[in-house]
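Here's the structure, in structure tokens; my notes come after.
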Amino acid sequence: AGGIAKVQALKDQGDEAYEKNRFDDAIKAWKAAAQLTKSLGLQKAQDLWVTLMCEAASLERNIDPEAAEATASMVLNEVPNHPVAQRCRALVRESLGDLE
């Protein structure tokens, strides 16, 4: 359960940073939570990993669009049939004006 608590703490840290407009810190915390989730090999870990990484990509769109595209593409490459990953990259590419 310690791993789950750490994931939740990192997610909460990201949420708090986001609320305070510390977007770089939010992205780092969400990505750290996502990586920890993945490393724990938990059931449903993939969905949580995708969600956290897509939250980071969504926020990155406003800060560093190329990083957002790289994050979203990496997620989609890892789980190509995951609907959230597909939507995530589509939204990032739409914001960049690249709908291919």
Side-chain angles (χ1 to χ4, degrees):
I4 299 285
K6 179 68 174 166
V7 168
Q8 186 62 51
L10 285 166
K11 185 193 177 308
D12 292 346
Q13 182 181 349
D15 293 348
E16 183 178 319
Y18 178 83
E19 292 295 321
K20 294 179 178 177
N21 295 325
R22 293 189 346 254
F23 301 127
D24 287 338
D25 293 338
I27 290 166
K28 287 177 191 168
W30 288 336
K31 285 186 174 183
Q35 290 309 113
L36 180 57
T37 298
K38 191 173 176 187
S39 73
L40 292 173
L42 303 170
Q43 194 164 13
K44 297 239 179 196
Q46 185 181 75
D47 288 341
L48 181 56
W49 177 78
V50 169
T51 298
L52 288 165
M53 292 301 288
C54 287
E55 282 184 24
S58 178
L59 185 53
E60 283 176 328
R61 282 190 312 192
N62 302 319
I63 299 169
D64 185 347
E66 289 78 22
E69 208 284 330
T71 298
S73 290
M74 183 268 301
V75 172
L76 188 60
N77 286 337
E78 183 132 345
V79 287
N81 296 320
H82 198 289
V84 173
Q86 293 170 343
R87 186 178 193 301
C88 176
R89 191 170 74 175
L91 290 172
V92 167
R93 286 194 169 172
E94 180 181 46
S95 73
L96 294 172
D98 177 9
L99 298 178
E100 292 182 26

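Atom set for the values below is all heavy atoms of this structure, side chains included, hydrogens, waters and symmetry mates excluded.
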* Asked: Heavy atoms, side chains only, cut-off 4.5 Å: are Glu69 and Arg61 in contact?
  -> no
* Got Leu59 and Tyr18 here, is their nearest side-chain heavy-atom distance under 4.5 Å? ->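 Leu59 vs Tyr18: side chains touch.
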* Report the residues that fulfil side chain to side chain donor-acceptor pair (under 3.5 Å) with Gln86, sequence neighbours left out, ordered by chain and then residue number. => none
* To do: Measure across Ala57 and Ala68 and return the closest heavy-atom pair with its distance rounded to 0.1 Å.
  =>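 Closest approach of Ala57 to Ala68: O-CB, 3.4 Å.
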* Asked: Where is the tightest heavy-atom contact between Ala33 and Leu10, given as atom of each residue plus distance?
  ->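 What the structure gives for the nearest pair is CB-CB, 3.6 Å.
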* **Test item: Ser58 side-chain N/O and Glu55 main-chain N/O as donor-acceptor pair under 3.5 Å** =>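 Not at all, since once roles are kept as given, no pair shorter than 3.5 Å links the two residues.
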Going by the rule side chain to side chain contact (heavy atoms under 4.5 Å, CB included), which residues pair with [X] if we only count those two or more places apart in sequence or in a different chain?
{"X": "Leu48", "answer": "Val7, Thr37, Leu52"}
{"X": "Val79", "answer": "Gln46, Trp49, Val50, Val75, His82, Ala85"}
{"X": "Glu16", "answer": "Lys20"}

* Please round to the nearest 0.5 Å and tell me the distance separating atom NZ of Lys38 and atom CD of Glu78. => 3.0 Å
* Asked: In terms of hydrophobic clustering (I, L, V, M, F, W, Y; side-chain heavy atoms under 4.5 Å; direct or indirect links), are Met74 and Val84 co-clustered?
  -> yes
* Apart from Leu91 itself, residues in the same hydrophobic cluster as defined by side-chain heavy atoms under 4.5 Å -> none
* Any side-chain hydrogen bond (donor to acceptor under 3.5 Å, both in side chains) pairs touching residues 23-32, not counting sequence neighbours? -> Asp15-Trp30, Arg22-Asp25, Lys31-Glu60, Lys31-Thr71
